[in-house]
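Counting from 1, the numbers follow the sequence of the chain as shown.
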Amino acid sequence: MRTVFRFLVAGLLLAGLVACGPSKPPALPFKGTDIAGVDFGGDFTLTDQTGKSRSLSDYKGKVVALFFGYTHCPDVCPTTMFEFANAMKQLGAGAKNVQVLFVTVDPERDTPAVLAGYVPHFDPSFVGLTGNPGQIEKVTSQFKIVAQKQPTEGGGYTVDHSAGSYLFDREGRLRAYEPYGAPAGQLANDIQLLLR
């Protein structure tokens with residue numbers, strides 16, 4: 001009887017520990033890819049376009065869209081930023097509970113001043129983030145972003161980089177991946193699911 005009692009107590013303790021641990025959020029019908037529970041990402045701190053230090057965790061309570069790009073990008077970055085701007089319009093009043101973050105993969109050129117002339121052009125609420133090369137490399141590594149300079153004629157360069165975006169829920173949990181080319185309607189749909 002004592003052995004049965006021990007197993008019962010051990011089972012209850014284990015159940016209690018599991019209940020106290022982090023749980024995977026419920027699945028949602030995203031049009032993008034549900035990535036809840038992945039073991040990458042995490043908080044980071046960079047400098048915004050006004051020169052202020054900003055952390056991902058500063059935006060807890062809002063749905064966050066995180067995109068990595070650079071201001072000299074000829075097509076992928078402005079296209080994605082326009083889609084997020086249009087998604088914000090589709091969200092209407094709900095947009096006030098959303099924060100779009102643009103993290104540069106080109107910190108040598110994308111100073112706070114350069115970001116200030118680029119990111120708010122798409123939407124005044126959007127925030128651009130930069131840092132020194134080591135800081136940017138750390139953040140891109142955290143989120144499994146690939147970024148590689150490609151020399152161009154005349155001594156310049158472009159940056160080949162991962163082009164998808166991440167969505168975080170209001171509790172700061174990584175929830176969805178949106179591939180490059182996701183239209184504003186898809187972005188608005190998936191953000192709206194996280195606003196509920």
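Side-chain contact between K149 and E108: present, with at least one pair of heavy atoms (C-beta onward) separated by less than 4.5 Å. For the pair M88/I191, no side-chain contact is recorded, criterion being any heavy-atom separation below 4.5 Å from C-beta on. Looking at D123 and F84, their side chains never come closer than 4.5 Å, going by heavy atoms from C-beta outward.
Taking the six-membered ring where the residue is Trp, the centroids of F68 and H161 are separated by 6.0 Å or more.
Contacts of P120 classified as side-chain contact (heavy atoms from CB on, under 4.5 Å), with partners at least two apart in sequence or in another chain: Q49.
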Next item on the list: For ring pair (Phe, Tyr, Trp, His ring centres under 6.0 Å), just list the numbers for Y118 and F102, CA-CA rounded to whole Å, side-chain angles, deciding distance to a tenth of an Å, and then say yes or no.
Entry: CA-CA 10 Å; Y118 180 82; F102 175 92; 5.7 Å; yes
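Here CG of D34 is found 14.5 Å from OH of Y177. Values are rounded to the nearest 0.5 Å.
A salt bridge is defined here as a Lys NZ or Arg NE, NH1 or NH2 lying under 4.0 Å from an Asp or Glu carboxylate O, and D169 with R173 meets this definition.
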Pairs of donor and acceptor atoms involving the side chains of residues 55-67, under 3.5 Å and at least two apart or interchain, shall be tabulated with distances.
{"from": "S55", "atom 1": "OG", "to": "T45", "atom 2": "OG1", "distance (Å)": "2.6"}
{"from": "S57", "atom 1": "OG", "to": "D43", "atom 2": "OD2", "distance (Å)": "2.8"}
{"from": "D58", "atom 1": "OD2", "to": "S55", "atom 2": "N", "distance (Å)": "2.8"}

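Between F44 and F143, the ring planes lie perpendicular to each other; the angle is over 60°, past the 30° to 60° tilted range.
Between the D106 side chain and the Y70 main chain, no donor and acceptor come within less than 3.5 Å of each other. For Q142 (side chain) and G41 (main-chain N/O), a donor-acceptor pair under 3.5 Å exists by modelled atom type.
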